[in-house]
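Chain letters run A, B, ... following the sequence lines, proteins first and then strands; every chain starts at 1.
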Number of protein chains: 2
Amino acid sequence: MLSRDQSVVTIQRELTAFARRARAAAARMHPELSLVSFTLLSHLEDQQGCRATDLAAYYMLDKSTISRQIAALEKLGFIERISDPDDHRIQLLQLTPAGTAKLAEAAELRRQAFHERLADWAPQDLDRFAEYLLRYNSLAEGGS
Amino acid sequence: MLSRDQSVVTIQRELTAFARRARAAAARMHPELSLVSFTLLSHLEDQQGCRATDLAAYYMLDKSTISRQIAALEKLGFIERISDPDDHRIQLLQLTPAGTAKLAEAAELRRQAFHERLADWAPQDLDRFAEYLLRYNSLAEGGS
DNA sequence: CTTCAGCGTTGTATTCTGCAACTGCCCGTG
DNA sequence: CACGGGCAGTTGCAGAATACAACGCTGAAG
């Protein structure tokens with residue numbers, strides 16, 4: 001077994017390597033939907049809609065970046081803005097049917113790719129890997 | 001236990017979420033060294049030097065992108081190019097002492113952050129998580 | 001009413017990235 | 001030996017993503 005420090009270094013290195021390739025890999029899988037767009041749509045689906053500021057906070061992006069991404073996605077017809085009647089500063093962002101469909105299509109491509117890559121894994125290993133990632137990311141949510 | 005499909009979907013989602021934040025997180029940790037620069041330097045250290053083309057292939061980046069990154073890192077004095085005497089097309093890229101020091105400094109910051117985040121984990125879980133990531137990435141190396 | 005804070009947009013500059021064209025070099029074939 | 005093809009790397013160019021700062025609008029607190 002690796003020492004604690006070796007394990008941490010390995011985890012760090014491998015997660016970084018993955019992150020480094022994720023953008024290009026996502027772009028190859030579905031050229032029309034960048035990694036950012038894809039994750040934003042996913043988030044909207046999971047959350048059943050949310051505000052632009054929430055997206056910015058969650059993904060550590062500037063609100064201006066989100067604003068432009070949102071504008072592009074709206075122009076494509078994938079999301080719509082619903083003004084909050086109580087507070088006109090707030091826009092609730094939601095997926096349109098077209099956006100839901102597009103997201104499902106991209107997600108299916110990704111799902112297939114992941115399934116292929118993980119085809120050889122034992123179910124127990126998959127389960128544990130998923131659990132570890134969840135645990136890691138839940139810790140990361142608060143800060144760095 | 002989760003079903004195989006649930007596990008795969010979770011792995012996909014969580015890896016993507018991590019990738020989405022990695023750049024910003026890395027930028028906050030050491031503003032002088034972008035995620036790309038950091039990973040390139042790390043790769044050079046691990047491999048004891050390699051060619052620009054190898055970096056491009058490994059990280060799925062265009063060779064022009066690598067070329068520019070390399071040029072910037074050379075200008076900063078972090079790497080040096082050594083022409084292969086047998087084949088003048090080839091440049092062996094290597095870390096300079098300054099590059100090694102800079103990398104160590106950034107790596108230490110990252111290592112601390114990871115250690116903190118993983119402080120609560122049992123050694124066995126760390127070991128398995130590291131193993132899973134290695135296994136996943138080694139499969140990914142060839143293609144998507 | 002006035003001031004302040006929160007949400008979102010827009011202007012501007014920087015950085016990253018890919019594609020295509022180009023140079024220089026190596027190697028195999030005729 | 002000359003030539004053509006292929007590999008390594010660079011550069012010109014354009015597009016996208018991003019951050020920072022300044023602004024406008026709205027709501028809330030005093």
Side-chain angles (χ1 to χ4, degrees), chain A residues 16 19-41 44 47 49-76 79-94, chain B residues 16 19-41 44 47 49-76 79-94:
Chain A
T16 305
R20 216 21 241 97
R21 303 185 213 183
R23 176 181 305 243
R28 281 199 304 173
M29 251 183 283
H30 31 77
E32 327 147 56
L33 217 55
S34 75
L35 182 61
V36 176
S37 298
F38 178 79
T39 51
L40 294 184
L41 291 184
L44 287 180
Q47 304 290 312
C50 70
R51 298 176 305 162
T53 298
D54 299 333
L55 292 174
Y58 191 76
Y59 291 110
M60 299 201 299
L61 291 171
D62 193 79
K63 56 185 180 171
S64 65
T65 301
I66 296 292
S67 176
R68 287 181 238 268
Q69 294 284 342
I70 292 302
L73 289 173
E74 187 191 25
K75 198 171 177 183
L76 290 169
I79 64 172
E80 60 186 354
R81 314 171 191 237
I82 300 174
S83 278
D84 185 326
D86 294 337
D87 187 339
H88 285 203
R89 293 174 301 181
I90 294 176
Q91 299 173 353
L92 183 65
L93 304 172
Q94 276 191 327
Chain B
T16 304
R20 210 31 234 93
R21 304 184 212 186
R23 173 181 306 245
R28 281 198 304 171
M29 252 183 280
H30 31 78
E32 327 149 57
L33 217 54
S34 76
L35 181 61
V36 176
S37 298
F38 178 80
T39 52
L40 294 185
L41 291 183
L44 286 179
Q47 305 290 310
C50 69
R51 298 175 305 162
T53 299
D54 300 331
L55 293 174
Y58 190 75
Y59 291 110
M60 299 201 301
L61 290 171
D62 193 78
K63 56 184 179 172
S64 65
T65 300
I66 296 293
S67 176
R68 286 180 240 268
Q69 295 283 343
I70 292 302
L73 289 173
E74 187 192 23
K75 197 172 178 182
L76 289 169
I79 64 173
E80 60 187 352
R81 311 170 193 240
I82 300 173
S83 278
D84 184 328
D86 294 337
D87 187 339
H88 284 204
R89 292 175 302 182
I90 292 175
Q91 300 175 352
L92 183 66
L93 304 171
Q94 277 191 327

Requested in this report: Return the residues of residues 34-41 of chain A meeting this criterion: a heavy atom under 4.0 Å from some atom of DNA chain C. Order them by number, or give none.
Outcome: none
Query raised in the report: Can you name the residues that form a side chain to side chain donor-acceptor pair (under 3.5 Å) with B:Arg68, not counting sequence neighbours?
Result: none
Please list, pair by pair, any protein nitrogen or oxygen found under 3.5 Å from a nitrogen or oxygen in nucleotides 1-3 of chain C.
none

Requested in this report: Not counting sequence neighbours, which residues clear salt bridge (Lys or Arg N to Asp or Glu O under 4.0 Å) with B:Arg51? List them please.
Outcome: B:Asp54
Query - side chain to side chain donor-acceptor pair (under 3.5 Å) partners of B:Asp87, counting only residues at least two apart - result: B:Arg89
Query raised in the report: In chain order, what residues pass the side chain to side chain donor-acceptor pair (under 3.5 Å) check against B:Glu32, with sequence neighbours excluded?
Result: B:Lys102
Requested in this report: Note the angle between the end axes of the helix from C:dC1-D:dG30 to C:dG30-D:dC1, five pairs defining each, rounded to 10 degrees.
Outcome: 10°
Report task. Quick one: list whatever passes side-chain contact (heavy atoms from CB on, under 4.5 Å) with A:Leu92, sequence neighbours left out. Result -> A:Ile82, A:Gln94
Interface polar pairs with nucleotides 21-24 of chain D, N/O, under 3.5 angstrom:
none

Query raised in the report: Between D:dT10, C:dC7, C:dT9, which nucleotide has the shortest distance from any of its atoms to the side chain of A:Arg81?
Result: C:dT9
Please list each protein N or O that sits under 3.5 Å from an N or O in nucleotides 27-30 of chain D, with the distance.
residue	atom	partner	partner atom	Å
D:dG27	OP1	A:His88	N	3.1

Query raised in the report: Considering residues at least two apart in sequence or located in another chain, which fulfil the side chain to side chain donor-acceptor pair (under 3.5 Å) criterion with A:Thr65?
Result: none
Query - For B:Thr39, all residues meeting side-chain contact (heavy atoms from CB on, under 4.5 Å), sequence neighbours excluded - result: A:Thr16, A:Arg20, B:Leu35, B:Tyr59
